[in-house]
Amino acid sequence: MYSKLPNLIIAFHGCDLSTYENVVLKNESLEFSKNDYDWLGNGIYFWESNRQRANEWAEEKVSRGQYYAPAVIGAVVDLGFCLNLTDSAYVPILKDGYELLKMRLQNEGKKMPVNKIGKDRLIRELDCAVIEQIHDYNHNTEKREFDSVRGIFIEGDEVYAGSGFNSKTHVQICIRNPNCIKGYFSPLSENIKYILP
């Protein structure tokens, strides 16, 4: 009853300049990510209210030779019916998804995927599989399907020694229903002559 998030949020998508031009200038749509290691399952990814982190991510892709030039697309998003992993009310759904995945893979004679690579677990095959299992279950049982998934990720180095804060902590959103995206925009730079409201 109380877990509905505000109607509209501002979100940012880090990308290559060519993607930015296609979406912002040519009215194309962002494409779904369908990797088996996507942190929140398959969908269109955004950083909630965090242009800087979206830009850092795009710059990291450039440094690895995956992008030519970094860019950030802004979006106005309605999360709709959201699998909000920042709300403890959704923890039982995650647990059920894990158990369903475990049973299915045991029946198929397959091993459970694992999250791996460093303390941040950058490759999240288990989490992706659990969330996709939840979506499959809802779809196959004709339950209401989630429009989006939202999670908090504590990532990066400690801000200072002994800190409970990390340098890359962020809220990430995965949009599964493209109708949740109300519009794309080119983010403005701050006008330093004025205070931020």
Side-chain angles (χ1 to χ4, degrees), residues 1-14 32-54 57 75-106 112-160 162-182:
M1 181 164 138
Y2 298 104
S3 61
K4 176 84 168 100
L5 292 165
N7 287 339
L8 298 175
I9 61 167
I10 302 294
F12 299 95
H13 179 85
F32 271 48
S33 178
K34 295 182 180 177
N35 301 304
D36 61 4
Y37 54 81
D38 288 332
W39 291 19
L40 295 172
N42 301 154
I44 303 168
Y45 275 78
F46 295 95
W47 310 88
E48 182 177 306
S49 302
N50 197 337
R51 178 184 180 188
Q52 179 178 333
R53 189 66 190 97
W57 187 84
V76 177
V77 176
D78 179 346
L79 295 176
F81 184 52
C82 181
L83 177 56
N84 183 8
L85 304 178
T86 70
D87 184 334
S88 57
Y90 292 91
V91 171
I93 294 173
L94 269 180
K95 289 180 179 179
D96 289 346
Y98 175 82
E99 292 301 326
L100 285 170
L101 176 68
K102 190 167 133 182
M103 284 189 299
R104 181 174 62 82
L105 293 180
Q106 283 174 345
M112 286 289 280
V114 295
N115 293 337
K116 52 194 168 201
I117 302 192
K119 66 179 177 60
D120 292 331
R121 297 181 178 165
L122 297 175
I123 303 296
R124 302 221 177 178
E125 293 175 359
L126 174 61
D127 294 345
C128 184
V130 168
I131 291 171
E132 286 301 309
Q133 182 67 57
I134 292 166
H135 294 312
D136 288 346
Y137 176 80
N138 285 2
H139 178 75
N140 293 328
T141 59
E142 297 184 5
K143 285 186 140 196
R144 183 168 178 190
E145 294 184 46
F146 289 105
D147 297 312
S148 62
V149 184
R150 180 176 185 257
I152 294 175
F153 296 96
I154 298 168
E155 184 186 5
D157 297 327
E158 292 179 341
V159 175
Y160 47 85
S163 170
F165 305 105
N166 294 64
S167 61
K168 294 184 178 181
T169 296
H170 61 276
V171 176
Q172 199 164 59
I173 298 164
C174 176
I175 299 296
R176 293 186 55 92
N177 177 352
N179 290 328
C180 289
I181 302 168
K182 303 307 178 187

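Along the sequence shown, residues are numbered consecutively beginning with 1.
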### Task
Output, in order, the C-alpha distance, side-chain angles, deciding distance and verdict of side chain to side chain contact (heavy atoms under 4.5 Å, CB included) for E48 and R150.
CA-CA 9 Å; E48 182 177 306; R150 180 176 185 257; 2.7 Å; yes
### Query
Which ring-ring contact (aromatic ring centres under 6.0 Å, His included) pairs, counting each pair once, include a residue from residues 134-154, with sequence neighbours left out?
W39-F153, F81-F146, F153-H170
### Query
What's the spacing between I173 CD1 and C82 SG if we round to 0.5 Å?
7.5 Å
### Query
Is N115 reaching over with its side chain to a backbone N or O of D127, donor-acceptor style, under 3.5 angstrom?
yes
### Query
Looking only at heavy atoms, which two atoms of L40 and Y45 are closest? And how far apart?
N-OH, 2.7 Å
### Message
I'd like to know if R176 pairs up with E132 as an ion pair, taking the criterion as any Lys NZ or Arg NE/NH1/NH2 lying under 4.0 Å from an Asp or Glu carboxylate oxygen.
### Response
yes
### Task
Dump the intermediate steps for side chain to side chain contact (heavy atoms under 4.5 Å, CB included) on V149 and I134, then the final yes or no.
CA-CA 11 Å; V149 184; I134 292 166; over 6 Å; no
#### Entry: Pairs meeting criterion salt bridge (Lys or Arg N to Asp or Glu O under 4.0 Å) with involvement of residues 32-41, two or more places apart
none
### Task
Using side chain to side chain contact (heavy atoms under 4.5 Å, CB included) as the criterion, point out the one residue from I152, I93, V91, I131 that pairs with L85.
I131
### Query
Quick one: does N179's side chain get under 4.5 Å of D147's, heavy atoms only?
no
### Message
For A89, is there any backbone N or O sitting under 3.5 Å from a side-chain donor or acceptor partner on D87?
### Response
yes
### Query
How far apart are the closest heavy atoms of M112 and L105, and which atoms are they?
SD-CD1, 3.7 Å
### Query
If you take all heavy atoms of A75 and F46, which pair is closest and at what distance?
CB-CE2, 3.6 Å
### Query
Checking side chain to side chain contact (heavy atoms under 4.5 Å, CB included) for the pair M103/Q133: CA distance, chi angles, key distance, verdict?
CA-CA 11 Å; M103 284 189 299; Q133 182 67 57; over 6 Å; no
### Query
Would you say the side-chain atoms of S148 pair up with the backbone N or O of C174, donor to acceptor, closer than 3.5 Å?
no
### Query
If you look at every heavy atom in I44 and F32, which pair is closest and at what distance?
CG1-CD1, 3.7 Å
### Message
Any heavy-atom pair between the side chains of F165 and E158 that's under 4.5 Å?
### Response
no
### Task
State, to 0.1 Å, how close A54 and F12 come at their nearest heavy-atom pair, and which atoms those are.
CB-CB, 3.8 Å
### Query
Can you name the residues that form a side-chain contact (heavy atoms from CB on, under 4.5 Å) with Q52, not counting sequence neighbours?
N50, E56
### Query
Rounded to the nearest 0.5 Å, how far apart are CD1 of I154 and OG1 of T169?
5.5 Å
### Query
Which is it for V159 and N166 under the side chain to side chain contact (heavy atoms under 4.5 Å, CB included) test, yes or no, and what are the steps along the way?
CA-CA 5 Å; V159 175; N166 294 64; 5.6 Å; no
### Message
List the residues meeting salt bridge (Lys or Arg N to Asp or Glu O under 4.0 Å) with R51, not counting sequence neighbours, and say none if there are none.
### Response
none
### Query
Sequence neighbours excluded, which residues qualify as side-chain contact (heavy atoms from CB on, under 4.5 Å) partners of V76?
L8, I10, K182, F185
#### Entry: Any residue meeting side-chain contact (heavy atoms from CB on, under 4.5 Å) with D96, in chain and number order, not counting sequence neighbours
none
#### Entry: Considering all heavy atoms, the nearest V77-I175 contact
CG1-CD1, 3.5 Å
